[in-house]
Amino acid sequence: MSAPTTRLIPAHSRTLLLTFDAFGTLFYPRLPIPEQYAATAHQFGLSRTTVTPNKLETAFRDTYRAQMRQYPNYGRADVLRGQYGGPRQWWEEVIRGSFRRVLSTENGETRPGTPKEHVSDAMVEALLDRFAGAEGYALYDDVLPFFRRMRRLKSAHKWSFDRIVVGVVSNSDDRVPAVLKSLGLTVGDMRADQDKSSMDLPGFEERNIKQDTASAHNKDHEDCNYELDIDMVITSYEAGQEKPHRLIFDVARRQALKVARPWLTSRTKFRSVHVGDDHKKDCQAARDAGWESYLLIRDHTEDYEPKAFLNLLKLADKLERFP
């Protein structure tokens, strides 16, 4: 694809920083998570009568909550002290803990002794891989059309903004970029950089740092984000705080300035907008951080506020009318 004609950016240029929550906003589990856990377990020989989605639903919920209490934000604080392995260890413990709860109970009562059925390393790896891509997740129907429309706006000559920086701000680990890419979106290399470089934190994502650095240098004088759907991904694990803490939004804005640097001037004006499906963690948190925000209603049974949309294409209509 040939690059669009370079645009002349006015001295008083305006840039839109538009970010999205990930899970429940852009993508969702293809099947309920307990069903996917159970199906994988059955492939590895665990009993269909013992390991059921209903049992796993309770076991997963309880294990996940306990893990969040013991190691908040995927154990990041302990990772920085060299006392924990990060998201991979975190999720391994959730997976093993969930299955142990199921395998050690029968008719609601705890079985004595060690469970007869084994949670294999191969099964754990299969589940980690499953939820790192399109096998475990799917995009909502409006996501790809929305981002194609955003690409057109990025190169539009008649619009309120001279540039758009698009990002994801998510309470999650660093598998999010891989999930988005596997679902057909193009994703840039900008990540969070807080306390410690995201590439120095143990996690799932592996990138060629030298290649990324050279690529970023070569793009310094180019219109480099026309062909990207998402310019940056800011996860709570890499940023250091989860929404609704304002730090993750501050990190996102700081990283957006780095994305915008090739065409940034001292008179560039940012308009920061965040979109998500959670009123407290997305909408109110973004407003508390000084951003605008919009609620995206994926569950049409719940009440919603005036600044809410039922799909992203309606949001695109709103964005195109921004003054």
Side-chain angles (χ1 to χ4, degrees), residues 22-24 26-79 82-138 170-183 201-206 233 235-238 242:
F23 185 87
L26 300 180
F27 59 80
Y28 63 96
R30 286 191 178 276
L31 293 171
I33 290 173
E35 290 186 22
Q36 298 196 54
Y37 269 45
T40 302
H42 301 157
Q43 291 173 1
F44 282 86
L46 293 186
S47 167
R48 292 178 178 270
T49 56
T50 301
V51 179
T52 67
N54 285 342
K55 293 177 183 177
L56 274 168
E57 182 174 9
T58 301
F60 176 84
R61 182 187 64 237
D62 294 344
T63 304
Y64 180 88
R65 289 176 177 172
Q67 190 79 338
M68 286 291 287
R69 288 193 297 270
Q70 185 173 3
Y71 296 108
N73 201 10
Y74 308 98
R76 190 181 197 276
D78 292 304
V79 169
Q83 299 172 355
Y84 197 69
R88 180 173 288 275
Q89 180 179 348
W90 199 94
W91 280 109
E92 285 180 358
E93 291 171 356
V94 169
I95 293 168
R96 293 185 187 279
S98 298
F99 281 101
R100 283 175 183 150
R101 285 176 185 254
V102 172
L103 296 173
S104 63
T105 59
E106 186 172 8
N107 298 324
E109 297 181 359
T110 302
R111 295 177 183 171
T114 304
K116 295 179 181 179
E117 296 176 275
H118 178 60
V119 181
S120 68
D121 292 343
M123 189 184 80
V124 173
E125 286 297 319
L127 282 167
L128 291 174
D129 290 344
R130 184 183 190 95
F131 289 101
E135 187 180 9
Y137 295 110
S170 174
N171 285 356
S172 55
D173 62 60
D174 63 329
R175 280 181 293 182
V176 171
V179 172
L180 294 169
K181 290 175 184 178
S182 74
L183 295 173
L201 284 170
F204 290 96
E205 187 176 25
E206 295 181 4
V233 177
T235 66
S236 60
Y237 173 64
E238 292 168 317
E242 297 179 316

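This chain uses plain numbering: 1 for the first residue, then up along the sequence.
- For the residue pair Ser182 and Gly133, the shortest heavy atom distance occurs at OG-CA, 3.2 Å.
- Counting only residues at least two apart or in different chains, salt bridge (Lys or Arg N to Asp or Glu O under 4.0 Å) contacts with residues 123-138 comprise Arg88-Glu125, Arg130-Glu135.
- Between Val94 and Thr63, the closest heavy-atom pair is O-CG2, 3.6 Å.
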Between Glu238 and Val233, does the side chain to side chain contact (heavy atoms under 4.5 Å, CB included) criterion hold? Intermediate values first, please.
CA-CA 10 Å; Glu238 292 168 317; Val233 177; 5.7 Å; no

Give the C-alpha distance, both sets of side-chain angles, the deciding distance and a yes or no for side chain to side chain contact (heavy atoms under 4.5 Å, CB included) between Thr235 and Tyr74.
CA-CA 11 Å; Thr235 66; Tyr74 308 98; over 6 Å; no

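- Listed by chain and residue number, nothing satisfies the salt bridge (charged side-chain N to carboxylate O under 4.0 Å, His left out) test with Arg61 (two or more places apart in sequence, or in another chain).
- Remark: the backbone N or O of Glu205 is paired with a side-chain donor or acceptor of Asp174 at under 3.5 angstrom.
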Verdict with supporting geometry, Tyr37 and Ile95, side chain to side chain contact (heavy atoms under 4.5 Å, CB included):
CA-CA 9 Å; Tyr37 269 45; Ile95 293 168; 3.5 Å; yes

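- At distances below 3.5 Å, not a single donor-acceptor pair connects side-chain atoms of Arg101 with backbone N or O atoms of Phe60.
- The CD1 atom of Ile33 sits 13.5 Å away from the OH atom of Tyr28 when rounded to the nearest 0.5 Å.
- Under the 4.5 Å side-chain criterion, counting only non-hydrogen atoms from C-beta, Gln70 is not in contact with Glu93.
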Show your working on side chain to side chain contact (heavy atoms under 4.5 Å, CB included) between Val119 and Leu103 and close with a plain yes or no.
CA-CA 9 Å; Val119 181; Leu103 296 173; 4.0 Å; yes

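- Minimum heavy-atom separation, Ser47 to Thr50: OG-N, 3.2 Å.
- How far NE2 of His118 is from CZ of Arg96: 6.5 Å, rounded to the nearest 0.5 Å.
- Interatomic distance, CD of Gln89 versus CD of Gln67, reported as 8.5 Å (0.5 Å rounding).
- Annotation for Phe131 and Val179: closest pair O-CG2, 4.0 Å, computed over non-hydrogen atoms.
- Considering every non-hydrogen atom in both Phe99 and Leu127, the closest pair reads CE1-CD1, 3.8 Å.
- Rounding to the nearest 0.5 angstrom, the gap separating the CG atom in Asp173 from the CH2 atom in Trp91 is 7.0 Å.
- Of all non-hydrogen atoms in Gln36 and Gly136, the two that sit nearest each other are NE2-O, 3.1 Å.
- Here Leu128 contributes atom CG and Arg175 contributes atom CZ; the two are 6.0 Å apart, rounded to the nearest 0.5 Å.
- The closest side-chain heavy-atom distance from Phe23 to Ser172 is not below 4.5 Å.
- With Trp90 as the partner, the ring pair (Phe, Tyr, Trp, His ring centres under 6.0 Å) test is satisfied by one option alone out of Tyr71, Tyr84, Tyr64: Tyr64.
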